[in-house]
Number of protein chains: 2
Amino acid sequence: MELLPIVQSFVLHFGEMGSRWGINRTVGQIYALLYVSPEPLCADQIVEALGVSRSNVSMGLRELQGWNLVLLKHLPDDRRDFFTTPDDVWQILRTLAEERKKREIDPTMTVLREILMQRPASETEQYAQSRMSDMYGLIEQLTNWYDDVKKLETDRLATLLALGAKVTRLLETKDKIVSFGKGRKSRRHEGEIE
Amino acid sequence: MELLPIVQSFVLHFGEMGSRWGINRTVGQIYALLYVSPEPLCADQIVEALGVSRSNVSMGLRELQGWNLVLLKHLPDDRRDFFTTPDDVWQILRTLAEERKKREIDPTMTVLREILMQRPASETEQYAQSRMSDMYGLIEQLTNWYDDVKKLETDRLATLLALGAKVTRLLETKDKIVSFGKGRKSRRHEGEIE
DNA sequence: CTGTAATTTCAGAAATTACTGAAAATTCAG
DNA sequence: CTGAATTTTCAGTAATTTCTGAAATTACAG
């Protein structure tokens, strides 16, 4: 692997962390490399940089495309495929969240829904269902929040994050302000405080 | 594996999903089983329920304890260890977030910090650093938000989630309300909107 | 078409990770 | 102490995942 030292440590770290996520070393390394490269890279450049086989790079890129984490580019008068990552890290975050939800959350929700449809045949099954229902409710709340928040443009999302828990404090003072919220219709949302 | 049908599908699903997370099948199954069991279980009961070896269960329980996801209980006049999961799903969520942060985020931040201390020796390294700095900034904002929010009790957290993106709309109206925020000191927080 | 460059596929090899059974260690009652 | 009950450790094996090289496919210029 012939890489600038700074890039190398980053790439190696992503390779190692890959396993703590669900991705393998090579995929992690490819992503890291593309992420810090000023120009799009073609497969052979990645092969050379990482010292892995051409076919491995091909499979890695394919996986990253499946995650929507890399972009395919073409240079004029060049038949090769070049790859980059999106520039906006917030967009990357959104993509990542979306894909992880799709792979890790949605299937579980489907299973839970199916199980919860069934009639419990015993005390124990009934208890099990109530636990699953708790889990279902929790995830549902989280994904509702996520659906709500994911549409926000970057600057608004940043604002929301910057506020953090201060929002709840802010809400406490709400009541003290006479005309607050006047003219808004539909105050009926789950968990809305009154 | 001798399990009630409802429990069985849940346990099997968690086993499969385990691989998409960073945990193995057995660990996923053990957790699922404990989660839906009305009473704490001892290792041998888990062995029987899941049909895996005693030593495998021992290692699985050990890993779950490392994640703080199971509780060890003792029954009077019984030397065996019994295990459960915490009741409160919100608490489970908090634990999970905490542990994942520890394992997946913190090491990356350390690496990024170290790399960003170094002097770039070329244009390319400089670009790489600026990308890493973007990533660092993003994660920092997210973890600041997380640190802020994680202390909230369950009901408040639920409130915050229920509000979701509506908070930003709420903030827009803020300016229109004359006395809002009066008497509060220190309005100086990163990203605070004015 | 034909030939070449680029990419993908895939069977098997290599590496990693998970699991088991036997042995060792721990715990505790008597 | 002794010894039975319980848990842990660990070397070896099984299972799974990752990676490679060779062959197949695709894409396209001439």
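Chain naming here is simple, since letters A, B, ... match the order of the sequence lines and numbering starts at 1 in each.
- When B:M135, B:Q129, B:R131 are each tested for a side chain to side chain contact (heavy atoms under 4.5 Å, CB included) with A:F10, only one passes: B:M135.
- Whole-Å rounding puts the B:D81 CG to C:dT27 C1' distance at 10 Å.
- For B:Y146 and B:E98, the side-chain atoms include at least one donor-acceptor pair closer than 3.5 Å.
- Using a 4.0 Å cut-off on heavy atoms, none of the residues of residues 16-44 of chain A approach DNA chain C.
- Between A:I6 and B:P120, the closest heavy-atom pair is CD1-CA, 4.2 Å.
- Going from atom CZ of A:F83 over to atom C1' of C:dA6 covers 11 Å, rounded to whole Å.
- Atom-to-atom, CG of A:D77 to C1' of C:dA6 comes out at 16 Å; the value is rounded to the nearest Å.
- B:L75 has its CG atom 12 Å from the P atom of D:dT6, to the nearest Å.
- D:dC19 atom C1' lies 16 Å from atom CD1 of A:I46, rounded to whole Å.
- Of all heavy-atom pairs between A:I92 and A:P86, the closest is CD1-O, 3.4 Å.
- In this structure, A:L61 atom CG and C:dT8 atom C1' are separated by 12 Å, rounded to whole Å.
- At a cut-off of 3.5 Å, with distance as the only test, no side-chain donor of A:R62 or A:Q65 sits close to an acceptor on the other residue.
- The CD atom of B:E63 sits 10 Å away from the P atom of C:dC19 (whole-angstrom rounding).
- Closest approach of A:V70 and A:L61 over heavy atoms only: CG2-O, 4.3 Å.
- Between the side chain of B:R103 and the backbone N or O of A:R20 there is no donor-acceptor pair closer than 3.5 Å.
- Not a single donor-acceptor contact under 3.5 angstrom links the side-chain atoms of A:R79 to the base of C:dA6.
- Side-chain nitrogen and oxygen atoms of A:R62 include at least one within less than 4.0 Å of the OP1 or OP2 phosphate oxygen of C:dT9.
- Heavy-atom distances under 4.0 Å link DNA chain C to B:V52, B:S53, B:S55, B:N56, B:M59 of residues 52-59 of chain B, given in residue order.
- The CG atom of A:D78 sits 12 Å away from the P atom of D:dC28 (whole-angstrom rounding).
- Residue B:Q45 comes nearest to B:P40 through the heavy atom pair OE1-O, 4.1 Å, listed as atom of the first residue, atom of the second, then distance.
- Side-chain atoms of B:S122 and B:T124 include no donor-acceptor pair closer than 3.5 Å.
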